[in-house]
4 protein chains.
Amino acid sequence: MRSENKPTGQKRSFIEEARRAQIIAAAIETIAGVGYPNASLARIAREAGVSKGVISYHFAGKDELMDQLVTGVYTEIAESVIPEILAQDNAADMLRAHVRGVAAYALEHRSRMAALAQIFIHARRPDGSPRYGVGESEPLFESLEGLYREGQKSGEFRDFDVRAMAVTQQSATDGMFEYWRVHPDHDLMAHAAELGEQLVRATRAD
Amino acid sequence: MRSENKPTGQKRSFIEEARRAQIIAAAIETIAGVGYPNASLARIAREAGVSKGVISYHFAGKDELMDQLVTGVYTEIAESVIPEILAQDNAADMLRAHVRGVAAYALEHRSRMAALAQIFIHARRPDGSPRYGVGESEPLFESLEGLYREGQKSGEFRDFDVRAMAVTQQSATDGMFEYWRVHPDHDLMAHAAELGEQLVRATRAD
Amino acid sequence: MRSENKPTGQKRSFIEEARRAQIIAAAIETIAGVGYPNASLARIAREAGVSKGVISYHFAGKDELMDQLVTGVYTEIAESVIPEILAQDNAADMLRAHVRGVAAYALEHRSRMAALAQIFIHARRPDGSPRYGVGESEPLFESLEGLYREGQKSGEFRDFDVRAMAVTQQSATDGMFEYWRVHPDHDLMAHAAELGEQLVRATRAD
Amino acid sequence: MRSENKPTGQKRSFIEEARRAQIIAAAIETIAGVGYPNASLARIAREAGVSKGVISYHFAGKDELMDQLVTGVYTEIAESVIPEILAQDNAADMLRAHVRGVAAYALEHRSRMAALAQIFIHARRPDGSPRYGVGESEPLFESLEGLYREGQKSGEFRDFDVRAMAVTQQSATDGMFEYWRVHPDHDLMAHAAELGEQLVRATRAD
DNA sequence: AATGAATGAGCATTCATTCAT
DNA sequence: CATGAATGAATGCTCATTCAT
């Protein structure tokens, strides 16, 4: 079905998209709820209230479903956070905006964030290697490193190892979300502000 | 066979302990080598050179095997790192010693550390929740927080949220190991020194 | 929609027949191209450029589609070969004409012949027995046997078991096509001439 | 399990072999009975009176099971037929011995022969190509061709195309078995004698 | 007359666990 | 103590068929 004819009308395309969206939503809830390893297609289908076959009908396989989910959430996060970062006029504030922005998104879309984390950690290729693993984080690292270098060039930041800092920021952000997942009453935005402050202090010139 | 009862003599207990240690060692190598999801009991048994049944005989199940493994490695790390920390005479150096000590341990016991990380990430309870997640890190957080509070009391550290800092330190350390696992040529000790510097700057009083 | 009833008019019947022919043609190309086991209704529908439902609409099921396909091609072969046979004036030449005629048809209609062979080999009844196996070849055997008996009556052929000979001729012909299917550069008409010679020698009086 | 330690005793190895033999026997009966496409592992396990998992335990997969089955039966046939052929002192009698020998084996081991035929026809590689298909018949063809050439060199046989004749003999033999499968009361040995006669006449010098 | 959507049974395979010996 | 054998539930996936529109 995937790659086929939507000859004339929009209704079909609409139904199709609605179902895909519904299935992705069910996948997000299921993964966030029971973890990726337990989120079988059968369970996702049950959550969506449809039969197992429906998923296979709308997606080429579990992998495509995950790809769509990841891409969708990723895009959404970027659209939400990037404008906030660009609105800042110095590197330190950009750092804070980055952390705060992602946290704000997570606060609004808790399951999406949890599912994304689960998929990143658990999804594997057939050969056993991670599907969205550290290898895939490279672009993220590089974008953070770009930000750091700007700050270093302008003299706002001290002269630190950008890769180590990127790993720290990325890990600390993920850790913050994981902590929040386990302690849902934790004040995420306060934590994000703290983390922003930590990063600013860790990076700023003497 | 549960870990406490040694029904009749001590000889059994000795053999028993040797077998358990051998199986745990095999589990560490297997998990570090092929990742937790691919480390089936069959594979661990093959690595140990024993039959699958042996594992079930000596451990109540995969879960208990993992518990023993985690506890053992954890204890070992603590025994290796704590003396180094206590040898310092100010909070900042203790922070640095903490990060450096764990990294040094990891450098010497790469598989143990890799296996630990894999288990933390992947092991689940039957209901799908993480077995050794952030929830189980509470003692670790508290020990870090104790260190921070000492520094704050002495005026060496600024007045930050200790829980957020503990989460950051813990996550950043884990992230450092994960990055090193994926990039084995990465200079772990240099990264640890950088991380130590980051933490010192993030915590110190103005 | 069963093959006989044309509910109201003839125009429908015309469209109906055109669709059926189109689907059968697509089935032939698909089966010849990817083999019966891979020729799912979905794939046939794609080849035909119609939706899967259309096939179910025009045919009671995959089985009826195959029946129609087989009957159609069979009829076509008979119409092509029988006149050639009847044009001969002795039994040996008829034998040769039979083999040569079928080969000539196959050369001109390669996909039809390949599809037919695939269906004969692979199509099964729900209970697992072949749908178009040797059991269905009875009319074919009987027609060959008639030819043999003519030759025996006229003294041209020796006194052999006609059923065994019919099985041999039928199998050897099928085998020739299968070999040609796998080795498309094989000289089919030369092979057919050889087979004709073999049969003539196997049947003729001393 | 497959490739492992049978440290000291023979009992284990014996049990192991017995189970493998039992499963292969069940596979033969199942395939002969319901055809390869319907012979799922579940059905074979049911026929053997064991659980599905047993098959996976003793064989790496369906493919290895089929390989073992094919190799075993093939070897058995060769061991039964080759001595008979070598006992002949002229090419014509060798031809007759070949056909008669295979038929005699089939008469004694009906299901084995039927299963073998089914597997040859139906078993596919993951990519859809035949696993034991015409490509695999090459050795058989060549062995027959060797026999023909001997006869041609000695002047006993006429100068025919050996490949076409090999295809004919192979197909006619298979066809004979298929006919016998469908008509179990058919006199197989008489048919084999007839086929031998046909081949001798088709091949002998004028 | 035709469609896309949905179904559910069936497939081979993996794996932690149990058990008689 | 240790084993190999066996189990059965679960997984992702395919596909002929059904059906409302």
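Just so we're clear, the structure is a prediction, and the values are computed from it rather than from any experiment.
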_Here's a test of your reading of the structure: between D:Val50 and C:Ser40, which maps to the more 5' nucleotide of DNA chain F?_
D:Val50

Round to the nearest Å and state the distance from [X] atom [atom1] to [N] atom [atom2].
| X | N | atom1 | atom2 | answer |
| --- | --- | --- | --- | --- |
| D:Ile55 | E:dC15 | CD1 | P | 18 Å |
| B:Ile23 | F:dC1 | CD1 | C1' | 11 Å |
| D:Tyr36 | E:dG10 | OH | C1' | 15 Å |
| C:Ile44 | F:dT14 | CD1 | C1' | 15 Å |
| D:Glu17 | F:dA5 | CD | C1' | 14 Å |
| B:Arg124 | E:dA16 | CZ | P | 16 Å |
| A:Asn38 | F:dT11 | CG | P | 8 Å |
| B:Phe59 | F:dA2 | CZ | C1' | 15 Å |

Gap separating the [atom1] atom of [X] from the [atom2] atom of [Y], nearest 0.5 angstrom:
| X | Y | atom1 | atom2 | answer |
| --- | --- | --- | --- | --- |
| C:Ile121 | D:His122 | CD1 | NE2 | 7.5 Å |
| A:Leu69 | A:Ile119 | CG | CD1 | 4.5 Å |
| A:Leu116 | A:Ile31 | CG | CD1 | 9.5 Å |

*Hey, is the main chain of D:Ala114 close enough, under 3.5 Å, to the side chain of D:Gln118 for a donor-acceptor pair?*
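No.
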
_Under a 3.5 Å distance rule, please check whether C:Arg20 uses its side chain to pair with a backbone N or O of C:His58 as donor and acceptor._
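Confirmed, C:Arg20 side chain pairs with C:His58 backbone.
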
Is any side-chain nitrogen or oxygen of [X] closer than 4.0 Å to OP1 or OP2 of [N]?
| X | N | result |
| --- | --- | --- |
| D:Arg19 | F:dA6 | yes |
| D:His58 | F:dG4 | no |
| A:Ser51 | E:dA6 | no |
| D:Tyr57 | F:dA5 | yes |

*Taking the nucleotide of DNA chain E with the closest heavy atom to each, which residue, B:Ala42 or C:Val54, is nearer the 5' end?*
C:Val54

*Relative to the 5' end of DNA chain E, which residue comes earlier, D:Ala39 or A:Gly49, by the nucleotide with the nearest heavy atom?*
A:Gly49

_Dot-bracket for DNA chain E, please. Rules: Watson-Crick or G-U, both distances under 3.5 Å, ( ) within the strand, [ ] when a pair crosses earlier ones, | for another strand, . otherwise._
.||||||||||||||||||||

Under-3.5 Å N/O pairs linking protein and nucleotides 17-21 of chain F:
unit_1, atom_1, unit_2, atom_2, d
F:dT17, OP2, C:Lys62, N, 3.0
F:dT17, O4, C:Lys52, NZ, 3.3

For [X], which residues count as a side-chain contact (heavy atoms from CB on, under 4.5 Å) partner, sequence neighbours excluded?
| X | result |
| --- | --- |
| B:Arg131 | B:Asp63, B:Asp67, B:Ala123, B:Arg125 |
| C:Ala25 | none |
| A:Ala117 | none |

*How would you list, by chain and number, every residue that makes a side-chain hydrogen bond (donor to acceptor under 3.5 Å, both in side chains) with C:Arg19, sequence neighbours excluded?*
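Only C:Gln22 meet the side-chain hydrogen bond (donor to acceptor under 3.5 Å, both in side chains) criterion with C:Arg19.
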
_Residues that B:Arg124 engages under side-chain hydrogen bond (donor to acceptor under 3.5 Å, both in side chains), provided they are two or more places apart_ =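 Listed in chain order: nothing, the list is empty.
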
_Using a strict heavy-atom distance below 4.0 Å, which residues from residues 26-34 of chain C are in contact with DNA chain F?_
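Contacts with DNA chain F under 4.0 Å: none.
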
*Close side-chain approach of C:Val70 to C:Phe120, heavy-atom, < 4.5 Å*: yes

*Scan residues 26-53 of chain D for pairs that pass side-chain hydrogen bond (donor to acceptor under 3.5 Å, both in side chains), counting only residues two or more places apart or in two chains.*
D:Glu29-D:Ser111

